[in-house]
2 protein chains.
Amino acid sequence: MKMAAGLEQAFVRHGFADASVDTLREAAGVSLRTLYKYMPSRADMVLAALEYRHRRYMAEVLNDLPADPAQARDALMTRAGDWMQSEAAHGCLFHSAVAADPANATLRALLERHKHEVATRAALATGLEGQDVALLLIMEGLTQTWPLRGAEAVSAAKHLAALLAEDQP
Amino acid sequence: MKMAAGLEQAFVRHGFADASVDTLREAAGVSLRTLYKYMPSRADMVLAALEYRHRRYMAEVLNDLPADPAQARDALMTRAGDWMQSEAAHGCLFHSAVAADPANATLRALLERHKHEVATRAALATGLEGQDVALLLIMEGLTQTWPLRGAEAVSAAKHLAALLAEDQP
DNA sequence: CCGGATGTAAAGTGATCGTTCTACTTGCGC
DNA sequence: GCGCAAGTAGAACGATCACTTTACATCCGG
């Protein structure tokens, strides 16, 4: 398994505060020396895991959505729910990382870049370019509400996205 | 200042991972011995801060909303935005606490209790009892989107809440 | 005015953490 | 088959942390 993939898994499982470098080393499947060769500090391990996560999220949730806007909206929310179920039962990993180290500007910039890319791609695919803030809000809300309400959160997100689309000029 | 108030401030400022007990002691304004007398472990300090936070959030965001449902909806979102601006520029403190220690069941139960109380009270005040999941989703979305988009997030939340209300049977 | 409860300051303890260092092994071009 | 790049295991180091302990101050009812 790729080093970054193991790191991502370790951070998901243990959280950013309690994942020790030795835990990370084991998850990455390499020796400590090799780990530090490619990621010279623990902070770099966090960044590598998040970069990997970003690419995976984009590929699994936002790639190849149906061309029809209504179908794209539903598929987007379904896929986001599936992602939560299989990958992020504890909430958004980027927000977790920032929460664990609020003073880290690099981390915050990475969060903003990730969310901006998500919002832009989602708005484009669903034909809601003019309502990108509201669409981002729905997706963020789904991500946070899913751990509390599960599938009900997906239905609510689809419902809200549909109302938003009907309201378009 | 009350001990719990100082602890809450310290966790907001430093995050749950990087707030050392000595930092907490200074923020609480007491000696280490007294701090440990009332909160026998660091985990108890986290719980005390969150309990305090919960009461404050309820009082400042959900208490005494206008009787008219439409006005209540707008006031709710406005107040939630104001709360973010003055108190939580880095996102929900409960989610941050859980993210910093995902294996802690007590913490997760506290998060669920807090969100459940927020959702119930908000739905009641806005006349959206049947749509409480969607309303919670909007509030969670606002909380997560505010750090990224500021006032635009508040407008989007008001818009979505209005659409939800219009759609009521 | 005394004695006990209640507070403070600060040094000490043992564990753990991130990071570095030492020593050994393996694959591979020449 | 030699030499070197690149890997492994794991001990060692210095810092920091949560928590304990020791020693001293202050309040206050009797």
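Keep in mind that what you see is a predicted model, and the values were worked out from it rather than measured. Below, chains carry the letters A, B, ... as their sequence lines are ordered, and counting in each starts from 1.
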Aromatic plane relationship, B:F11 with B:F16 - under 30° parallel, 30 to 60° tilted, over 60° perpendicular: parallel
Geometric class of the A:H114/A:F94 ring pair [parallel <30°, tilted 30-60°, perpendicular >60°]: parallel
Residues, nucleotides or ligands: over 12 heavy atoms within 6.0 Å of A:E26 CD: no
If I take atom [atom1] in residue [X] and atom [atom2] in nucleotide [N], what distance separates them, rounded to the nearest angstrom?
{"X": "A:L24", "N": "C:dG18", "atom1": "CG", "atom2": "P", "result": "8 Å"}
{"X": "A:D22", "N": "C:dA15", "atom1": "CG", "atom2": "P", "result": "18 Å"}
{"X": "B:D44", "N": "D:dA18", "atom1": "CG", "atom2": "C1'", "result": "13 Å"}
{"X": "A:E26", "N": "D:dT8", "atom1": "CD", "atom2": "C1'", "result": "15 Å"}
{"X": "A:L35", "N": "D:dT8", "atom1": "CG", "atom2": "P", "result": "10 Å"}
{"X": "B:L32", "N": "C:dG12", "atom1": "CG", "atom2": "C1'", "result": "12 Å"}
{"X": "A:M3", "N": "D:dG7", "atom1": "CE", "atom2": "C1'", "result": "12 Å"}

Is [X] close enough to [N] that one of its side-chain N or O atoms is under 4.0 Å from OP1 or OP2 there?
{"X": "B:Y36", "N": "C:dG7", "value": "no"}
{"X": "A:T34", "N": "D:dT8", "value": "yes"}
{"X": "A:Y38", "N": "D:dA6", "value": "no"}

Check every atom of [options] against the side chain of [X] and return the nucleotide holding the closest atom.
{"X": "A:R42", "options": "D:dA11, C:dG18, D:dA6", "result": "C:dG18"}
{"X": "A:V30", "options": "C:dG7, D:dT8, C:dT19", "result": "D:dT8"}
{"X": "A:R33", "options": "D:dC19, D:dA9, C:dG18", "result": "D:dA9"}

Sugar-phosphate, base or nothing in reach of A:S20, heavy atoms under 4.0 Å: sugar-phosphate
Side-chain donor-acceptor contact under 3.5 Å, A:Q144 with A:H95: no
For B:R73, the option from B:L128, B:L65, B:D68, B:L164 that meets side chain to side chain contact (heavy atoms under 4.5 Å, CB included): B:L128
N/O donor-acceptor pair, side chain A:R25 with base D:dT8, under 3.5 angstrom: no
